Amino acid sequence: MIKITLPDGSVREVAPGTTPAEIAAAIGPGLAKAAIAARVDGELRDIGRPLEQDARLALVTAKDEADALELARHDFAHVLAEAVQALFPGTQITFGPATEDGFYYDFAPAPERGPFTEEDLPAIEEKMREIIRADKPLVREVWSREDLIARWRAEGESFKAQWAAELPGDEELTVYRSGGDWLDMCRGPHLASTGKLDPQAFKLTRVSGAYWRGDQNNAMLSRIYGTGWLNRKQLEAHLTMLEEAAKRDHRKLGAEMDLFHLQQEAHGSVFWHPKGYIIWRALEAYLRRRLDAAGYQEVKTPQIMDARQWEQSGHWGKYRENMFVIPDEVPNTEDEGPVVSNDAQWMALKPMNCPAHVLIFRQGIKSYRDLPLRLAEMGCCHRNEPHGALHGLMRVRQFTQDDAHIFCREDQLVSEVAQFCDLLDVVYKDLGFADYAIKLALRPDKRFGSDEMWDWSEQSLRDAVAATGRATPEWGWEELPGEGAFYAPKLEFHLTDAIGRTWQVGTIQTDTVLPERLDASYVGEDGDRHRPVMLHRAILGSYERFIGILIEHYAGRFPLWLAPVQAVVATIVSDADGYAQQVVEKLRTAGIRAEADVRNEKINYKVREHSLAKVPNLLVVGRREADEGTVALRELGKEGQSVLSVEDVIARLAKEALPPDMR
RNA sequence: GCCGCUUUAGCUCAGUCGGUAGAGCAUCGCAUUCGUAAUGCGAGGGUCACGUGUUCGAGUCACGUAAGCGGCACCA
């Protein structure tokens, strides 16, 4: 007999080979029905997998939502694979995991058929429902490697065969059999049968290409994505959330609110319209005040530098494929012949500001007393990004970083990083992001520098965050092995937006490589020359992307200090036009971005239009207000209005419109 | 860069079997002066992304190019 300890501490003695399902049945019929899987000594397992030795056992039900979702999504992926093979013979299966909101499966379609398209999805969904309703048992089997490889080869499953051959030797190879003869190699666990899934709780959402094992040198597979849940209600809630997310898409709002546009003649670069650039300017002015107060000195460096400079910094070798290069010669002005000769010298648009900041540091002799030196730049950078990577404001080819480089002594590093964390905390909270996570990206396999340097850098960053009290799980503190830059570890700051998505924006990273390459040094207390440590850091990342995130976070309803138009004065009758103009003038004098709407339209029309345009304050004036020197204030998102004197409205809006650091 | 889809008026979209393009909103004009989410009437507006081909004839079919969208890869 073996001893099974349940979560309440009670112990049951059962015969070896008893399954968790049988134990659930022994406890009660309710639990037997609700139990979908088991945790055995903490490990999630099939409910039908026999217990062979003493163990702690917890039965998993739908109430254990994270586990239940993970299982259901993984099962949906298998059902998807089975459905696709049933409908499209000759399709090879490869790999299909659960994702954050569902699942996907990568297929190698029969060559004559080609990749799947969205038109295939309804039929596949229908087949999946059929498989679910058939309630096929999912049975775990352990196979020998030889048998498994032979089976995959026999079925023409070359990807599976290759994978089975390459799995580590000590790993137990398991397959799951669905009903009769369909099987997939999988570590599991799975639900007991396909019928445990809700046929109304999934939806296939899209198709795409994906490389086998994520490597672009490998075959392109055809991936089908789905979203999967425990029940129909959850699915519908998720689909509604997706619609909400689509409504706040910055590309859509950017056009609707006339903030910016993109066009193919400058693809990857942004045309900022007056209203969009107001947001930029407000953000930039705010950040500049914060940086000034935090001891940064702002600089401006060249847009174009000679290729030799980029060679020396290492960018020419490591980063050239992402740089825009420019011939350093007078272009041929004749109609015939090439514009540039074959022996042109090259220059390049800067993809980063760091080398230029080192060049400023190197001017004159620096003493240890000059450190830390914090050089900031609203640096406009160009990167020749792959076309497929471009995405609205989020990924562009010309962007402006809120960049800075801190040159300091080794003994100043922890304090500088900690101060940066504090500054960044203030800025994020001011901008409406109370929730963010801090992560430490550790050394990658391919890297520069000694292990001692990496030990020291990683520990310094760790210590600095610990000094601020933020290296805790509540702060989302996490260490990410292998994610660091090739020259240094980095701290990453991930914002959570209003609908729960995360965005990596801020970063700070140590760098001892570039000061070395560009021979930056200072004279120490001892009279010798020393290398400064360089910290690369950004709070917003890029203005373009950060404004994109702000648009989506606020769904276009910006806090007043960032709103492009802060107030519209709308008339009811043309008799009030002159008064409206006066009110607008007073608002503008008080520094409020106000416009008059004296069009010959009904007030209903104006209210609707300015509400849709997300104007935060609508000041309605008719004959009565003009006579009394008042306005009827209607705030966006609120019902009704309040009648106030012009002076009161101005005082109120002027106070509300102050940037957070000036309140 | 790779896979799939898309591209028609400023915007959102319709356009049948290949026969020379249409709606709503927006714009402009006229009327209307109205109290909190669309006043009425009228007018103008198109190289159907671009190129090549098939055809008597192409928005429609084929091929190519570009951009956009969804992913993959990339983001040192």
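Note that the structure is predicted; figures quoted are calculated from it, not measured. Below, chains carry the letters A, B, ... as their sequence lines are ordered, and counting in each starts from 1.
Going from atom CG of A:Leu121 over to atom P of B:G70 covers 17 Å, rounded to whole Å. Between the P atom of B:G4 and the CG atom of A:Leu221 lies a distance of 13 Å, rounded to the nearest Å. What separates CD of A:Glu601 from C1' of B:A38 is a distance of 9 Å, to the nearest Å. Between A:Arg599 atom CZ and B:G29 atom P there is a gap of 13 Å when expressed in whole angstrom units. Rounded to whole Å, the distance from CG on A:Asp120 to P on B:C3 is 18 Å.
Distance noted for atom C1' between B:G15 and B:A23: 11 Å (whole Å). Atom P of B:C34 sits at a distance of 15 Å from the matching atom of B:U39, rounded to the whole Å. For the P atoms, the distance linking B:C13 with B:C17 amounts to 22 Å, nearest Å. On the P atoms, B:U12 is 23 Å away from B:G51, given to the nearest whole Å. With P as the reference atom, B:A21 and B:G46 are 12 Å apart, rounded to whole Å. The separation of B:C11 from B:C50, taken at their C1' atoms, amounts to 22 Å, rounded to a whole angstrom. If you take atom C1' in B:G59 and the same atom in B:G22, they sit 12 Å apart, rounded to whole Å. Between the P atoms of B:U7 and B:A49, the separation comes to 8 Å (whole Å).
Among the heavy atoms of the strands lying under 4.0 Å from A:Glu625 is at least one base atom, whether or not backbone atoms are also near. Nucleic acid contact class of A:His610 (heavy atoms, under 4.0 Å, all strands): none. Residue contacts shown for A:Arg251 are limited to sugar-phosphate atoms, with no base heavy atom under 4.0 Å away. Residue-level contact check: A:Tyr605 touches the backbone only, with heavy atoms under 4.0 Å from sugar-phosphate atoms and none from bases. A:Arg634 comes within contact range of at least one nucleobase, with a heavy-atom separation under 4.0 Å. Among the heavy atoms of the strands lying under 4.0 Å from A:Tyr225 are primed sugar atoms or P, OP1, OP2 only; no base atom is included. Across all strands shown, A:Ile572 has heavy atoms under 4.0 Å from base atoms, whether or not it also approaches the sugar-phosphate. Using a 4.0 Å heavy-atom distance criterion, A:Ala255 is classed as making no nucleic acid contact. Residue contacts shown for A:Pro115 are limited to sugar-phosphate atoms, with no base heavy atom under 4.0 Å away. Note on A:Ser611: a base of the nucleic acid sits closer than 4.0 angstrom, heavy atoms only. At a threshold of 4.0 angstrom between heavy atoms, the contacts of A:Gly214 are confined to the sugar-phosphate backbone, with no base atom among them. Among the heavy atoms of the strands, none lies under 4.0 Å from A:Leu262. Contacts of A:Gln263 with the nucleic acid, taken as non-hydrogen atoms under 4.0 Å apart, are absent.
The aromatic rings of A:Trp229 and A:His238 sit tilted relative to each other, their planes meeting at an angle between 30° and 60°.
B:G57 is unpaired under the criterion used here, namely a Watson-Crick or G-U wobble arrangement in which both key atom distances are under 3.5 Å. Here B:G18 sits opposite no nucleotide as a Watson-Crick or G-U wobble pair (both hydrogen-bonding atom distances under 3.5 Å). Remark: B:A26 base-pairs with no nucleotide; criterion is Watson-Crick or G-U wobble with both hydrogen-bond distances under 3.5 Å. Pair check for B:C50 finds B:G64; Watson-Crick or G-U wobble, both atom distances under 3.5 Å.
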(request) Show your reasoning for whether side chain to side chain contact (heavy atoms under 4.5 Å, CB included) applies to A:Glu552 and A:Arg501. (result) CA-CA 10 Å; A:Glu552 303 209 353; A:Arg501 296 170 302 181; 3.0 Å; yes
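Rounded to the nearest 0.5 angstrom, A:Phe116 CZ and A:Leu121 CG are separated by 10.0 Å. Note that CZ of A:Phe103 and NE2 of A:His74 are 11.5 Å apart. Values are rounded to the nearest 0.5 Å.
Between A:Glu311 and A:Arg308 there is no salt bridge, since no side-chain N of the basic residue sits under 4.0 Å from a carboxylate O of the acidic one.
A distance-only check finds a donor-acceptor pair linking the side chain of A:Gln92 to the backbone of A:Ser158 [under 3.5 Å].
Heavy atoms of other residues, nucleotides or ligands lying less than 6.0 angstrom from CD of A:Glu119 number 12 at most.
In this model, no side-chain donor or acceptor of A:Arg383 finds a partner on the base of B:C74 within 3.5 Å. Not a single donor-acceptor contact under 3.5 angstrom links the side-chain atoms of A:Gln641 to the base of B:G35. Not a single donor-acceptor contact under 3.5 angstrom links the side-chain atoms of A:Tyr211 to the base of B:G71.
The side-chain hydrogen bond (donor to acceptor under 3.5 Å, both in side chains) with A:His536 is formed by just one residue from the set A:Gln509, A:Lys490, A:His405; it is A:His405.
Residue whose closest nucleotide on RNA chain B sits further toward the 5' end, between A:Leu390 and A:Tyr319: A:Leu390.
Considering only side-chain N and O atoms, A:His267 lies nowhere under 4.0 angstrom from the phosphate OP1 or OP2 of B:A66.
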